[in-house]
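Labels below follow one simple rule: chain letters A, B, ... track the order of the sequence lines, proteins then strands, and each chain is numbered from 1.
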Amino acid sequence: MIAEVIVDVSAYPIDRPFDYAVPAHLETVIERGSRVKVPFGPRKVIGYVTGLKSESEIEEHKLKKIDELIDLDPVLSPELMDLAKKMARETLSYEIDALQVMLPAAMRAKYEKFISVEKLEEIDDARVLAALNGRTRIPLKQITDPDVLKLIKDYSERGIVSVDTAISQQTKVKKVRTVHIGNSDTLAELLLTVHPNAKKQAELIRWMLDHAGETIEAAKLLNESGIQNPVLKAVIEKGGATEAYVETYREPDAPKLLDTPIPIRLTEEQQTALDKVKVAADSGKAETFLLHGITGSGKTEVYLQAIKHVLDKGKEAIVLVPEISLTPQMTARFQERFGGLVAVMHSGLSAGEKYDEWRKIHRREVRVVVGARSAIFAPFENVGIIILDEEHESTYKQEDTPRYHARDVAIWRSEHYGCPVILGSATPSLESYARASKGVYTLLELSKRAKNQPLPSVTVVDMRDELKEGNRSMFSVQLAEAIRLRLEKKEQTVLFLNKRGFSSFVLCRDCGTVVQCPNCDISLTYHRSNESLKCHYCGHEEPVPLVCPECESEHIRFFGTGTQKAEEEISKLFPEARVLRMDVDTTRQKGAHERILRQFSEGKADILLGTQMIAKGLDFPNITLVGVLAADTTLHLADFRAAEKTFQLMTQVSGRAGRHDLAGEVFIQTYSPEHYAIELAKTQHYQTFYNLEMAARKQYGYPPFYFITLVQFSHEDLLKVADFAEKGTRYLKNSLSPETVIIGPAAAAISRVNNRYRYQCLIKYKKEPKLIETLQQLIRMYRTNWMKDGLLMAVDMDPTSIF
DNA sequence: AGCACGCCGACT
DNA sequence: GTCGGCGTGCTC
């Protein structure tokens, strides 16, 4: 038997199956989707079996044997194996990368070289002996001294030591020690025989008599009986109980926030939507729904009941939410409804916890998975429904290879299972809404709030007028007044500051110099916490200069409106206000999000001040005011999605206010009140926004009227990158059809990152059957010739932004 | 990607 | 004379 194996090596000529002979004893167990350890050239690597056959075209003497089978149960189903192949092609990535992205990171193999001592008596160098320190096997990377390294190489050639590569995985199964307490007869008997001095043992046995026959976790037993471990050990030794180590799951402490119950009785709109989904689920045909429901319209309840429907039919459900750790309320609701049937996968979990959740799914111990992007690869084999909440979110697109979009993967999987997909959003992406308008997706509308609350009243404040009135603070008179009122009424305020593109920078007031990153074409961001300047692209960090680096003037100070600065202004304006700040700085530690949100939900603060991350999921009854400090920051980005993103953000943020009994009020501060994205956020009129934005997209030839693909080039040498970009672009122009528009090559908006100059070229097309082949050819040219010249090239199909 | 093989310059 | 630089080519 011959196995086709894709090996764990991401390189261009390796991106294809290699044939291996299957040893006889593995023939009955090996399957497509199994992982194997195979010899590859001079080393050993992990690989995935992509197929089994009886004959190979490879000459017999070249054919090697599979070393070992890693999993008894294949880790990937045939469906996921096929999906990996399709995804690799569609995203122009290596098949191995597509396979690996489907499994939790803990299952990815680590390769580490080790030195093993073969003939200890022949090692005569003191430094080598010191490095070994009595051990016979040490990791090669522990040797840093080049002289010692040289000696090791010497020894290795003479066979005194050997160097091998160990393949390790972090897939540790957690085990817990349990104690099975013996029956009362044995215990009673034992009690009579213990030494009179062993008071503690006697005490434990008496405690055990009350629990005879039970099995209990050792830690719990010790805790409840108040006995020390050595005593327990002695009793076990004497046969009073037996101990065992039982496989267990790490329980991520699920943050419990209050679920705000929505009436289970559905509104008429919800019911209509649900019925259509149910019909599709029963039909066995794939159908994609766009559930367009305004904020507070009860989309989640529709999801929950649709899931219930498919679970009742014995099928499974996948629910995707954008960065789930930010929305503990959402997970809480799923766990409340489906209890132990739910696995949760999000970035806040440790590698081990993610692996445990994956195993629960793989072993069919759960039937619902709620998770971030990668949960779309949940190893279910009878999927009944797939849901993407907040489908417009850009986090569904992976930013490095394989650059897949979870929405596309969801639809591919639904076609395999003949099941519905629900894309839910208050502000759908233009692509999805356009597809729904054309009938590719089925549109479901929820236009009323579930509890019939009015939408919050939204006021747009023109900050230019404020400036004219002499108000130079970050808060308009109106917003400040509204905050004061909330403080008086003991209601809560959420202040939103979109930091991106508007962060604090350091400017010299004499010569106008802005302190730039030495490696990147971008200004450094001021961080008050440690008085430093940081680059958000390469991580460069330096202390705040005391004098201008250009003109040595002392009139150098930081400008802009970061959250830290906003916090200071608030405390000046409202000294009595209790403020919680939520941004990258305050949420770096694990669990920080939850802690801040819990504090706010418990009413321990009056004002929550934050960036992007507070726009979603917040659902607390006492929030009656939302203020957007600077709505323009996303508007002026050089990106075709700028208006869409702004509108989505404004709508999302506004939706945080007045979700319950108290009426909500929203203030949006801006320097461009006349822009339609802001104007329309006032009424949350998605349809009107859609029409206007579609007109703009049509005029400039952007999605959804055209598909786009971005080809990025970077090189340390400006002239070289320009040259290669030109070559690549010319190749594309010559190979693609004349209707396809190719823009560039041009320098990227941030023209240098980490000392590499960046160029890009944008392909816009309506129909381009040769695109994938052409790009593959381009990539081939790059990998075979240009790469060794130091060029980096990346292709992104359907980029979310064209920065 | 690794890793080995192989062919030319600067040292003991 | 040898050590070692990294160009080239291969991996079932």
Using atom names, set out every protein N or O paired with an N or O of nucleotides 5-7 of chain C below 3.5 Å, distance rounded to 0.1 Å.
none

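Ring centers of A:F713 and A:F724: at least 6.0 Å apart, outside the cut-off. Between A:F18 and A:F40, the distance separating the two ring centers is shorter than 6.0 angstrom. The six-membered or imidazole ring of A:W358 lies near that of A:H362, with a centre-to-centre distance under 6.0 Å.
Aromatic ring pairs are classed by plane angle as parallel below 30°, tilted from 30° to 60° and perpendicular above 60°; the pair A:Y396 and A:H405 is tilted. Relative ring orientation between A:Y702 and A:F640 is described as parallel, the plane-to-plane angle staying below 30° on a 0-90° scale split at 30° and 60°.
Rounded to an integer number of Å, the gap from A:K37 NZ to C:dC12 C1' is 18 Å. Nucleotide C:dT11 holds its C1' atom 13 Å from the NE2 atom of A:H61, rounded to whole Å. Whole-Å rounding puts the A:E59 CD to C:dC10 P distance at 14 Å. Summarising the geometry, the separation between NZ on A:K153 and C1' on C:dT2 is reported as 13 Å, rounded to the nearest angstrom. Summarising the geometry, the separation between CG on A:L149 and C1' on C:dG4 is reported as 14 Å, rounded to the nearest angstrom. One atom, CG of A:D19, and another, P of C:dC12, lie 11 Å apart when rounded to the nearest Å.
Ionic pairing of A:E415 and A:K86 is not present here: no N-O contact between side-chain nitrogen and carboxylate oxygen is shorter than 4.0 angstrom. With salt bridges taken as basic N to acidic carboxylate O contacts below 4.0 Å, none links A:D798 and A:R403.
A:R16 comes within 4.0 angstrom of a base, heavy atoms only. Residue contacts for A:K150: at a heavy-atom cut-off of 4.0 Å it reaches the sugar-phosphate backbone alone, with no base atom in range.
A distance of 14.5 Å separates CE of A:M107 from NZ of A:K354, quoted to the nearest 0.5 Å. Remark: A:I70 CD1 to A:E68 CD distance equals 6.0 Å, nearest 0.5 Å.
In this structure a side-chain-to-backbone donor-acceptor pair under 3.5 Å is present from A:R373 to A:T395.
The stretch residues 49-57 of chain A does not touch DNA chain B, since none of its heavy atoms comes less than 4.0 Å from the strand.
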**Message:** Strictly under 4.0 angstrom, non-hydrogen atoms only: write out the protein contact profile of nucleotides 1-9 of chain B, one letter per nucleotide from the 5' end, B, S or -.
**Reply:** BSS------
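With contacts defined as side-chain heavy-atom distances shorter than 4.5 Å, the pair A:Q398/A:V101 qualifies.
For the OP1/OP2 pair of C:dC12 and a distance below 4.0 Å, the side-chain nitrogens and oxygens of A:K62 include no atom meeting the criterion.
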